[in-house]
Amino acid sequence: MTSAKICIMVAIIVYLGVMLYIGYLCSKKNSSTDDFYLGGRKLGPFVTAMSAEASDMSSWLLMGLPGVAYLSGISDAGWTAIGLAIGTYVNWLIVAKRLRRYSHVANNSITLPQFFKNRFHDKSGSLLIISAIVIVIFFIPYTASGFAACGKLFSSLFGIDYMAAMIVSAIVIVGYTMLGGFLAASTTDFVQSIIMSIALLIVLIFGVNVAGGFDVVIENAKALPGYLSMTKIYDPVSGTAGSYGFITICSVLAWGLGYFGMPHILLRFMAIEDEEKLSLSRRVASIWVVISMAVAVFIGVIGYSMSKAGAIEVLEGSNSETIIVKIADLLSTHGVIFALLAGVILAGILASTMSTADSQLLAASSAVSSDILNKNGKSGILAARATLLAIAVVSIFLAKDPNSSVFTIVSFAWAGFGASFGPVVLFALFWRRTNRYGALAGMVAGGVMVFVWKYLVRPLGGAWNIYELLPAFITACLVIVAVSLLTPAPEQAVLDEFDKVASEK
């Protein structure tokens, strides 16, 4: 192994060690399931903001998004980023404070399934069980995508076995999450968001310099048909530009709808210590998201110029998602200091992956141990840790194919949560007439429609080629309204709780 590779390895090992140490420190603060799942509702505004967005962005930010821009230009990646930026801001603006308040009023709910059950006074427990099952169904492949990103990172950089690299990464993620629970996940996510930001900045500056300057990057991109257009998309196979019309734009913007149903993000809203500090969290989160996604898209454009200049190899297919890894590898050849900086970049990719995987594992394990098995106290923490380990094993099995696309896996899981939970969350918070029948029907309808549209309708192509989140979200909304109106109104106690939350400013 070269000295550059050794420096990179040292930087990554130090980073992983710090994450485990944070998990150890946080483990001392977990005396109840409330602490393990929600950090005792004691998160500060900056940790709330940055941990929410770090857990949201995942490896998609440093691998999926630049990879898409590298292959096909800025339209697909750009409109996706715009949709996500709008969704981020609106979610913080209208959902965060009311969910924090309502989850406390609704019998101090510490998980999203518990909130649904308590919000609608569902004595049957059907909302709790179904929502917990939805979390497990969609979080397992989501977590698998994170493990796959780790495997790709080490395999492409060090030439080691993909499966072995993925397992080692999973062990570290599972380790600190099992130790420290939600507080460890949130604290490490905050640290990881800082590392991700540094990584993006280093890659941006170095990439532009190697490519020959900003003007050269833009000129090279302009030479490709539709590459810099927001209404065209570049086809790397034919070398021509295809249409990126209004329907496609609306479809891609629908990514923003997913935020209303993401359990690992919504939990941050529920966990903040002071709801009045959510305004500061909103501003911090929104600014970070806009800047980081814009830089990530531009890195994809820079990567093309670097390939054209012969600085890095030409990447095809899902390999385009390793563009930042290739740039970091090139940086490491310029001396020890640069090799350490390359290590920071690669630690940033790990951070983006781990910050999402830990939150997903925690949410999925809480769905099983707390919501399905109904374990609490010390036994609940043990059950959560055992469940977390089991889910990680299944996720590793699903991620065994090194050719799987991080972007594709994430987009499907994102749609699943957005359509299953998003409409239910919004109607639960803002429509007084919503009842448990409507919530349950909407949740099931949204989840089922994601599968139906993805595998039966979307393959028809043409006007039907719409991101499954949009039709599934609309379907769920319509079902919630129709079923709620056709079934008995909520009992007075449910209405009184809603009025209490709505009356508070």
Least distance between heavy atoms, L469 atom then A415 atom: CD1-O, 3.6 Å
From CA spacing to verdict: side chain to side chain contact (heavy atoms under 4.5 Å, CB included), T111, M270: CA-CA 9 Å; T111 68; M270 295 164 62; 6.0 Å; no
Short side-chain donor-acceptor distance under 3.5 Å, W288 and S197: yes
Heavy-atom side-chain proximity of M293 to V297 below 4.5 angstrom: no
Note, Y467 side chain near V252 side chain (heavy atom, < 4.5 Å): no
Side chains of F412 and F138 in contact at under 4.5 Å (non-hydrogen atoms): yes
Main-chain N/O of W255 paired to W414 side chain as donor or acceptor, under 3.5 Å: yes
Shortest non-hydrogen contact from A342 toward L331: N-CD2, 3.9 Å
CA sep, side-chain torsions, deciding dist, call: I135, F417, side chain to side chain contact (heavy atoms under 4.5 Å, CB included): CA-CA 8 Å; I135 285 177; F417 281 122; 4.1 Å; yes
Minimum heavy-atom distance E313-S307, with the two atoms named: O-OG, 3.2 Å
Partners passing side chain to side chain contact (heavy atoms under 4.5 Å, CB included) against L470 (at least two apart in sequence or in another chain): A254, L257, I466, I474
Minimum side-chain heavy-atom gap L200-S292 below 4.5 Å: yes
Distance, nearest 0.5 Å, that separates CD1 of I324 from CD1 of I299: 4.5 Å
I218, CD1 atom: more than 12 neighbouring heavy atoms under 6.0 Å: yes
Point-to-point distance, once rounded to the nearest 0.5 Å, from CD1 of I302 to CD1 of I312: 10.5 Å
Spatial distance of atom CD1 (I233) from atom OG (S243) [nearest 0.5 Å]: 10.0 Å
Those residues that, when tested against N209, pass side chain to side chain contact (heavy atoms under 4.5 Å, CB included) (two or more places apart): none
Donor-acceptor under 3.5 Å (W92 side chain, R283 main chain): no
ring-ring contact (aromatic ring centres under 6.0 Å, His included) partners for F473, two or more places apart: none
Backbone of K232 reached by a side-chain donor or acceptor of S75 within 3.5 Å: yes
Residues in ring-ring contact (aromatic ring centres under 6.0 Å, His included) contact with F206, at least two apart in sequence or another chain: H334
Residue list, ring-ring contact (aromatic ring centres under 6.0 Å, His included) with Y70, at least two apart or on another chain: none
With sequence neighbours excluded, residues passing ring-ring contact (aromatic ring centres under 6.0 Å, His included) with F298: F214
Non-hydrogen side-chain atoms of M230 and Y244 separated by less than 4.5 Å: no
Heavy-atom pair of closest approach, residues S305 and A211: CB-CB, 3.8 Å
Validation row: F269, N91 side chains within 4.5 angstrom (heavy atoms): yes
Nearest-0.5 Å distance, CG of residue L65 to CD1 of residue I323: 13.0 Å
Inter-residue atom distance L228.CG - N220.CG, 0.5 Å rounding: 10.0 Å
Whether Y227 side chain and A69 backbone form a donor-acceptor pair below 3.5 Å: yes
Heavy-atom pair with the smallest gap, counting every atom of S320 and L315: CA-CB, 3.8 Å
Heavy-atom side-chain contact between L71 and Y234 under 4.5 Å: no
Donor-acceptor under 3.5 Å (T88 side chain, L84 main chain): yes
Gap between atom CZ of R268 and atom CE of M262 - 0.5 Å precision: 13.5 Å
Closest contact, heavy atoms only, L266 versus Y259: CD2-O, 4.2 Å
